[in-house]
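Every chain is numbered from 1, with letters handed out A, B, ... down the list of sequences.
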There are 2 protein chains.
Amino acid sequence: MTVIDSAPVRTARPEGRERYTISEVADYAGLSAHTLRWYERIGLMPHVDRSHTGQRRYTDRDLDWLDLVGKLRLTGMPVADMVRYAEMVREGDHTVVDRLRLLSSHREDVRRRIAELQSTLDVLDYKIDRYGELCGLHTSPGFTSPDS
Amino acid sequence: MTVIDSAPVRTARPEGRERYTISEVADYAGLSAHTLRWYERIGLMPHVDRSHTGQRRYTDRDLDWLDLVGKLRLTGMPVADMVRYAEMVREGDHTVVDRLRLLSSHREDVRRRIAELQSTLDVLDYKIDRYGELCGLHTSPGFTSPDS
DNA sequence: TAGTGAGTTGGAGTGCACTCCAGGCAAGCG
DNA sequence: CGCTTGCCTGGAGTGCACTCCAACTCACTA
């Protein structure tokens, strides 16, 4: 992968060590060990290496990748798209244009979502204000509602 | 339901008519007719009335309700929570405090989500900038990447 | 040396939110 | 009259993203 496929910001890592067990990574990334193995099976991880006994040993690079995946996941990118992205990263630099396209289109999605959320926030504020008034005026039961 | 359970803003309605068929409502709300029937089955609709032949006839009030449901849905409120809300609305005004609680807690969720999306947007901007540079520098294939 | 705890696998199961299907009814049209 | 269109029902099926299971290995401690 290219240098830009590691996250730009660093988050606190368990220790200064450079190889992590699956449960350490699960804790760090907020995913279950199951999910980490599943990510690997479906091709969402860039080949995790193993200890001499066959246990997974994640590197800081893997943690960086998981940071990015976590961000994309939180913003609702489908797993299939993330896998496509991961594949492109593995395929090398001739895929940068497509990667750019994928990321840009996702960015548009995210922008749209922010706008949607914002507009819902307005509706919620309005309704919460109304309910607040209602609760402030008569908190006790025993009156009839105008409609319903 | 109370007056505040209709949406504060009006959106364009199919026609000035006051009773709509399921497919008109599907078009309007951006849901399938299947989904509208399903909403009713699970108790997410406040009793839709019927024509003399048993077909659903939605009112403007139903459309208002669907506006709200659509907003909540877009902001990721689980259907189960929306059903709880709908039940409370049906139960009458003694549930306003709980409704307020539910809405307020959802508002916090939405605020958190906006912040998350915003932070992802920053990451995306950063990566897209890097990819942009890369594409600007060498759009043709045939070179080796620094890593992988 | 036996037990505990953390890891391994492939495959099956879960929960959510739809989505579709088969079979049927009612209205309108040529 | 037959045909098409739109709607009805209960129940089954789908896709996504996990989530768990059974059966196993390995390292460590009492």
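Between Tyr58(A) atom OH and dG7(C) atom C1' there is a gap of 11 Å when expressed in whole angstrom units. Summarising the geometry, the separation between CD on Glu24(B) and P on dG6(D) is reported as 12 Å, rounded to the nearest angstrom. If you take CE of Met45(B) and C1' of dA17(C), they are 17 Å apart, rounded to a whole angstrom. In this structure, the CG atom of Leu31(A) is 9 Å from the P atom of dT19(D), given to the nearest Å. Separating the NE2 atom of His52(A) from the C1' atom of dA6(C) is a distance of 14 Å, rounded to the nearest angstrom. Note: CD1 (Ile22(A)) to C1' (dT19(D)) measures 13 Å, nearest angstrom. The distance from atom CG of Asp81(B) to atom P of dG15(C) is 17 Å, rounded to the nearest whole Å.
Leu103(B) contributes atom CG, which lies 11.5 Å from atom CG of Asp98(B) (distance to the nearest 0.5 angstrom). Taking OG1 of Thr95(B) as the start and CZ of Arg101(B) as the end, the distance is 11.0 Å to the nearest 0.5 Å. Rounding to the nearest 0.5 Å places OH of Tyr85(B) at 6.0 Å from CZ of Arg99(B).
Remark: the backbone N or O of Arg130(B) is not paired with any side-chain donor or acceptor of Glu133(B) at under 3.5 angstrom. Looking only at distances, no side-chain donor or acceptor of Trp65(A) sits under 3.5 Å from a matching main-chain atom of Ala86(A).
Residues of residues 112-120 of chain A having a heavy atom closer than 4.0 Å to DNA chain C: none are found. The stretch residues 32-44 of chain B touches DNA chain C through His34(B), Thr35(B), Trp38(B), Tyr39(B), each having a heavy atom under 4.0 angstrom from the strand.
A sub-4.0 Å separation between OP1 or OP2 of dC7(D) and a side-chain N or O of Ser23(B) is present. Contact annotation: Arg57(A) does not reach the phosphate of dG7(C) (side-chain N/O to OP1 or OP2, under 4.0 Å). The phosphate of dC8(D) has OP1 or OP2 within less than 4.0 Å of a side-chain N or O from Arg56(B).
Scored by the side-chain contact (heavy atoms from CB on, under 4.5 Å) test, Asp129(B) finds no partners at all (sequence neighbours excluded).
Classification of Arg19(B) and Asp49(B) as a salt-bridged pair holds, one side-chain N sitting under 4.0 Å from a carboxylate O. Under the 4.0 Å criterion applied to side-chain N and carboxylate O atoms, Glu87(A) and Arg84(A) are not assigned as salt-bridge partners.
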Polar atoms only, N or O, under 3.5 Å: list the protein pairs with nucleotides 23-25 of chain C and their distances.
none

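At a cut-off of 3.5 Å, with distance as the only test, a side-chain donor of Asp62(B) or Thr59(B) sits close to an acceptor on the other residue.
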Extract all donor-acceptor atom pairs below 3.5 Å that involve side chains of residues 108-115 of chain B and protein atoms in other chains or at least two apart in sequence.
from, atom 1, to, atom 2, distance (Å)
Glu108(B), OE2, Arg111(B), NH1, 2.7
Asp109(B), OD1, Arg112(B), NH1, 3.2
Arg113(B), NH1, Thr75(B), O, 3.1

Under 3.5 Å donor-acceptor pairs involving side-chain atoms of residues 35-42 of chain B, not counting sequence neighbours:
from, atom 1, to, atom 2, distance (Å)
Thr35(B), OG1, Ser32(B), OG, 2.9
Glu40(B), OE1, Arg56(B), NE, 2.6
Glu40(B), OE2, Arg50(B), NH2, 3.4

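Of the two residues contacting DNA chain C, namely Gly76(B) and Gln55(B), the nearest-nucleotide position lying further toward the 5' end is that of Gly76(B).
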